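The structure is given below, and queries will be raised subsequently.
Note that this is a predicted model, so its numbers are computed, not measured. Just so we're on the same page: letters track the sequence lines, and every chain starts at 1.
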There are 2 protein chains.
Amino acid sequence: MVECALRLLDEVGLPDLSMRRLASELDVQPSALYWHFVNKQSLLAAVADRILDAVPEPDADWTVAATARAIRDALLAYRDGAEVVMSTYALRLGARRAQAALVASLGGAGTDAATADAAFEFILGHVTLLQQRMHAQSIGAVDADAADPTANADEVFEAGVAAFAALSASRRRV
Amino acid sequence: MVECALRLLDEVGLPDLSMRRLASELDVQPSALYWHFVNKQSLLAAVADRILDAVPEPDADWTVAATARAIRDALLAYRDGAEVVMSTYALRLGARRAQAALVASLGGAGTDAATADAAFEFILGHVTLLQQRMHAQSIGAVDADAADPTANADEVFEAGVAAFAALSASRRRV
DNA sequence: ACCTGAACACCGTTCAAGT
DNA sequence: ACCTGAACACCGTTCAAGT
């Protein structure tokens with residue numbers, strides 16, 4: 001059922017992922033879904049967890065850049081993946097996993113927890129905006145003369161990662 | 001009319017900011033709104049621009065930290081402010097203003113544009129998550145024994161800002 | 001344990017018609 | 001130029017009742 005929701009998300013996007021549509025995809029009445037999940041929020045939280053399952057276990061041998069890229073790629077693997085994770089982040093059902101991976105890469109606990117959180121917030125913001133632009137582009141709701149907005153996404157991402165990696169390196173020197 | 005939408009947003013939050021509700025607040029039929037805006041998206045884009053109007057003009061004398069804080073505070077000034085800006089960011093109707101301010105603070109054009117974009121993505125991600133947690137808390141949809149999730153938000157924000165400020169400083173040294 | 005059927009209180013958007 | 005009235009095709013969620 002979460003699998004079906006994940007597949008549907010990738011097909012139609014978050015705005016069109018409705019309980020009714022998911023139900024009909026499962027050949028079931030909409031009300032049937034509420035035996036399995038109390039509401040749509042918790043269904044989406046389960047979907048968000050599944051998306052972040054692709055992030056590898058925390059490992060201190062990974063660089064911040066590598067971990068950041070792994071998280072980014074997990075979010076990019078499904079349409080509107082970042083927005084789903086963001087919208088259910090408050091419930092903290094998954095996410096910890098990704099943050100733990102970042103903490104490990106930053107090389108230490110304690111003082112680096114805040115930096116890991118900040119790095120995670122950057123990644124989520126980055127990918128959400130990127131996926132939004134991808135959608136706007138597919139709709140054609142963008143100036144035709146404007147340059148492909150997703151073209152320099154990698155450059156921006158690397159700039160952000162470089163900032164956090166530099167901070168991490170300077171701390172290690174201390 | 002945008003003013004009314006802004007006020008309503010702050011009162012009821014983004015999920016409850018419907019065209020129908022806004023219409024009734026204006027003592028008008030819902031269909032009347034569509035003479036002024038083609039759809040809800042463009043109405044929200046206008047609201048997003050209004051939110052970012054509070055960000056000061058680009059000024060090279062401002063530090064990255066100061067500019068970042070100004071943007072954060074503009075987003076925090078209205079309920080769900082960051083989410084509104086994110087959801088309409090693809091259209092690029094405002095946002096440029098905030099990014100220009102960051103570019104100026106980073107002290108230069110060209111090579112720092114990507115860093116400014118990354119910093120902006122961090123701020124948006126940070127505040128979106130913060131406001132989401134604030135909402136979850138007001139609903140009580142969070143473990144009662146968990147520590148106030150907004151408590152260390154400042155620390156996380158400063159850690160992120162420090163990362164971008166450090167990168168900017170090291171570039172200046174070159 | 002798991003699902004149906006029917007209802008409740010909503011949505012965004014369109015469009016002829018009014019003034 | 002600006003708004004109404006009525007409709008269309010949807011929503012999330014609840015709850016008695018079925019099996």
Please test A/Glu83 against A/Gln132 for side chain to side chain contact (heavy atoms under 4.5 Å, CB included), starting from the C-alpha separation and ending with a verdict.
-> CA-CA 9 Å; A/Glu83 210 181 333; A/Gln132 217 118 48; 3.8 Å; yes
Is B/Glu121 salt-bridged to A/Arg72, cutoff N-O under 4.0 Å?
->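 The answer is no: the pair does not qualify as a salt bridge.
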Report the C-alpha distance between B/Leu33 and B/Leu26 in whole Å, list the side-chain angles of each, state the deciding distance to 0.1 Å, and finish with yes or no for side chain to side chain contact (heavy atoms under 4.5 Å, CB included).
-> CA-CA 10 Å; B/Leu33 303 179; B/Leu26 291 163; 4.0 Å; yes
Starting at CE of A/Met19, measure out to CG of A/Leu44 and round the result to the nearest 0.5 Å.
->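 Separation between the atoms: 8.0 Å.
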Does B/Val156 belong to the same Ile/Leu/Val/Met/Phe/Trp/Tyr cluster as A/Phe120, with side-chain heavy atoms less than 4.5 Å apart forming each link?
->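 Looking at the clustering, A/Phe120 is in a separate group from B/Val156.
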Say you draw a straight line from CG of A/Leu130 to CD1 of A/Ile123; how long is it, rounded to the nearest 0.5 Å?
->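 Answer for the CG-CD1 pair, A/Leu130 versus A/Ile123, is 13.0 Å.
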Could you tell me the separation between the CG atom of B/Leu102 and the OG1 atom of B/Thr115, rounded to the nearest 0.5 Å?
->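 Reported to 0.5 Å precision, the distance equals 10.5 Å.
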Taking atom C1' of D/dG12 as reference, at what distance in whole Å does atom CD of A/Gln41 sit?
->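 From A/Gln41 CD to D/dG12 C1': 12 Å.
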Could I get a table of every N or O pair under 3.5 Å where one atom is in the protein and the other is in nucleotides 16-19 of chain D?
none

Please tabulate, one pair per line, each protein N/O and nucleotide N/O from nucleotides 2-5 of chain D that are separated by under 3.5 Å, including the distance.
from: D/dC3; atom 1: OP2; to: B/His36; atom 2: NE2; distance (Å): 2.7
from: D/dT4; atom 1: OP2; to: B/Gln29; atom 2: N; distance (Å): 2.7
from: D/dG5; atom 1: O6; to: B/Ser31; atom 2: OG; distance (Å): 2.7

With a 4.0 Å heavy-atom cut-off, tell me which residues in residues 3-24 of chain B come close to DNA chain D, sorted by residue number.
->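 Close to the strand are B/Arg20.
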Please work out which of the three classes, parallel, tilted or perpendicular, describes the rings of A/Phe122 and A/Phe157, given edges at 30° and 60°.
->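 Plane angle under 30°, so parallel.
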May I have the distance from B/Leu44 (atom CG) to C/dG12 (atom C1'), rounded to whole angstrom?
->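 The answer, rounded to whole Å, is 12 Å.
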Looking only at atom P, what distance separates C/dA9 and D/dC10, rounded to whole Å?
->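 Here C/dA9 and D/dC10 have their P atoms 22 Å from each other.
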Separation of A/Leu22 CG from A/Phe37 CZ (nearest 0.5 Å) =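 Rounded to the nearest 0.5 Å, the CZ-CG separation comes out at 9.0 Å.
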Under the side-chain contact (heavy atoms from CB on, under 4.5 Å) rule, collect the residues that match up with B/Ala65, sequence neighbours excluded.
->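 Testing B/Ala65 for side-chain contact (heavy atoms from CB on, under 4.5 Å), a comparison that skips the adjacent residues, returns B/Thr63, B/Arg69, B/Val161.
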To the nearest 0.5 angstrom, please state how far the CZ atom of B/Arg20 sits from the CD atom of B/Glu25.
->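 Rounded to the nearest 0.5 Å, the CZ-CD separation comes to 15.5 Å.
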Determine which bases of DNA chain C form Watson-Crick or G-U wobble pairs with both distances under 3.5 Å, and write the result as a 5' to 3' dot-bracket string with | for other-strand partners.
-> ||.|||||...|||||.||
Working for side chain to side chain contact (heavy atoms under 4.5 Å, CB included), residues A/Leu129 and B/Asp117 = CA-CA 11 Å; A/Leu129 255 33; B/Asp117 280 5; over 6 Å; no
Could you state the atom-to-atom distance from NZ of A/Lys40 to P of D/dG12 in whole Å?
->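 In whole Å, D/dG12 P lies 4 Å from A/Lys40 NZ.
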Rounded to whole angstrom units, what separation is found between the CZ atom of B/Phe37 and the P atom of C/dT13?
->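 Rounding to the nearest Å, CZ of B/Phe37 and P of C/dT13 are 13 Å apart.
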Enumerate, atom names and distances included, each donor-acceptor pair closer than 3.5 Å involving a side-chain atom of residues 2-12 of chain A, sequence neighbours excluded.
from: A/Glu3; atom 1: OE1; to: A/Met1; atom 2: N; distance (Å): 3.3
from: A/Glu3; atom 1: OE2; to: A/Arg50; atom 2: NH2; distance (Å): 2.4
from: A/Asp10; atom 1: OD1; to: A/Arg79; atom 2: N; distance (Å): 2.7

